[in-house]
Amino acid sequence: MGRVITAAQVQSQDTVGIARWLLGKALVRTRGATARSLLITEVEAYDSEQDLACHASRGRTPRTETLYRAGGIWYVYFVYGMHHMLNLVTGPEGHPAAVLIRGLDSIRGPGRITRALKIGRNLNGIGATPEAGLHLEDRGIDFARRSIRATPRIGVEYAGPRWAGKRWRFFVEPGKVAARNAAVSQGAVGH
DNA sequence: ACAAGGATACCT
DNA sequence: GGTATCCTTGTC
């Protein structure tokens, strides 16, 4: 069905590269007997204490402790009094970085993802493994570079022009996603 | 355009 | 202890 993505695969310091690479990977949620897997179609990179949009820009705090751990675990936080945000911690231990999962094929918006898949802070700091009930799989799906857009990250104006201006948000054009999925389900693409 | 809503970081 | 702010969404 797919190759489980391991922690070692997301521990390089190239957070932006990992973010882009995660497009087309499957987010797999298993709860009891049911399993749901959806392709990742939108992500954002948050990299290091220098990045003023990253929570780690304020250094180590109880909340950001998760970001400093070795990549391959989930960073889930609660914001605006009602939404959980799902991030994959990346990089080696001591390098605070993460990729925010902003959109899946069929679910757009980070708050909607966690609500639909019942993801809460109980997963914060937990390894992205099948045993945890939430992991990533590589199914050999690769979107054409032409269908991928790079824009500034959403909702981080507070970080100032230098950091808010970085085009670290990546997403696949909605239309392209549907077309590709149809091809995959018919065995014409992927392996 | 704006309220909802609770955790968080930083202040007094 | 008080409070400004927040990696959003739904409804106005």
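Reminder, nothing fancy here: chain letters follow the sequence lines and each chain counts from 1.
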Where the side chain of I154(A) is defined as all heavy atoms beyond and including C-beta, which of dT8(C), dA9(B), dC7(C) is the nearest nucleotide?
dT8(C)
Kindly say if R108(A) contacts the phosphate of dT9(C), meaning a side-chain N or O under 4.0 Å from OP1 or OP2.
no
Answer with yes or no whether the side chains of R36(A) and T30(A) bring together a donor and an acceptor at under 3.5 Å.
no
Protein-nucleotide distance (R115(A), atom CZ; dG5(B), atom C1'), rounded to Å
15 Å
Parallel, tilted or perpendicular, judged at 30° and 60°: which one describes the rings of Y75(A) and H55(A)?
perpendicular
Under 4.0 Å between a Lys/Arg side-chain N and an Asp/Glu carboxylate O for R20(A) and D14(A)?
no
In whole angstrom, what separates F78(A)'s CZ from dG5(B)'s C1'?
7 Å
Starting from P on dT8(B), measure out to CG on L67(A) and report it in whole angstrom.
13 Å
Can a donor-acceptor pair be found between the side chains of R169(A) and T151(A) at a distance below 3.5 Å?
yes
May I ask you to say what R58(A) touches in the nucleic acid, namely base, sugar-phosphate or nothing, with a heavy-atom cut-off under 4.0 Å?
sugar-phosphate
Does the side-chain ring of Y80(A) sit on the six-membered ring of the dC6(C) base, less than 5.5 Å centre to centre and under 30° in tilt?
no
May I ask you to verify whether the side chain of Y158(A) and the base of dC6(C) hold a donor-acceptor pair under 3.5 Å?
no
Which listed nucleotide (dA4(B), dA7(B), dA9(B)) is nearest to the side chain of R63(A)?
dA9(B)
Output the rounded distance in Å from CG (L86(A)) to P (dT8(C)).
14 Å
For the pair made of CD1 in I119(A) and P in dC7(C), what is the distance, rounded to whole Å?
19 Å
Under 3.5 Å: donor-acceptor pair, side chain of E137(A), backbone of I5(A):
no
Side-chain N or O of H55(A) closer than 4.0 Å to phosphate OP1/OP2 of dC7(C):
yes
Length of the CZ-C1' vector between R121(A) and dT8(B), whole Å:
10 Å
Should R102(A) be listed as having a side-chain N or O under 4.0 Å from OP1 or OP2 of dT8(C)?
yes
Rounding to an integer number of Å, can you tell me how far W168(A) CH2 sits from dC7(C) C1'?
14 Å
Checking all strands, does M85(A) fall into the base, sugar-phosphate, or nothing category for heavy-atom contacts under 4.0 angstrom?
sugar-phosphate
Please name the nucleotide paired to dC7(C) by Watson-Crick or G-U wobble geometry with both distances under 3.5 Å, or report none.
none
Quick one: M82(A) CE to dA7(B) P, roughly how many Å, whole number?
12 Å
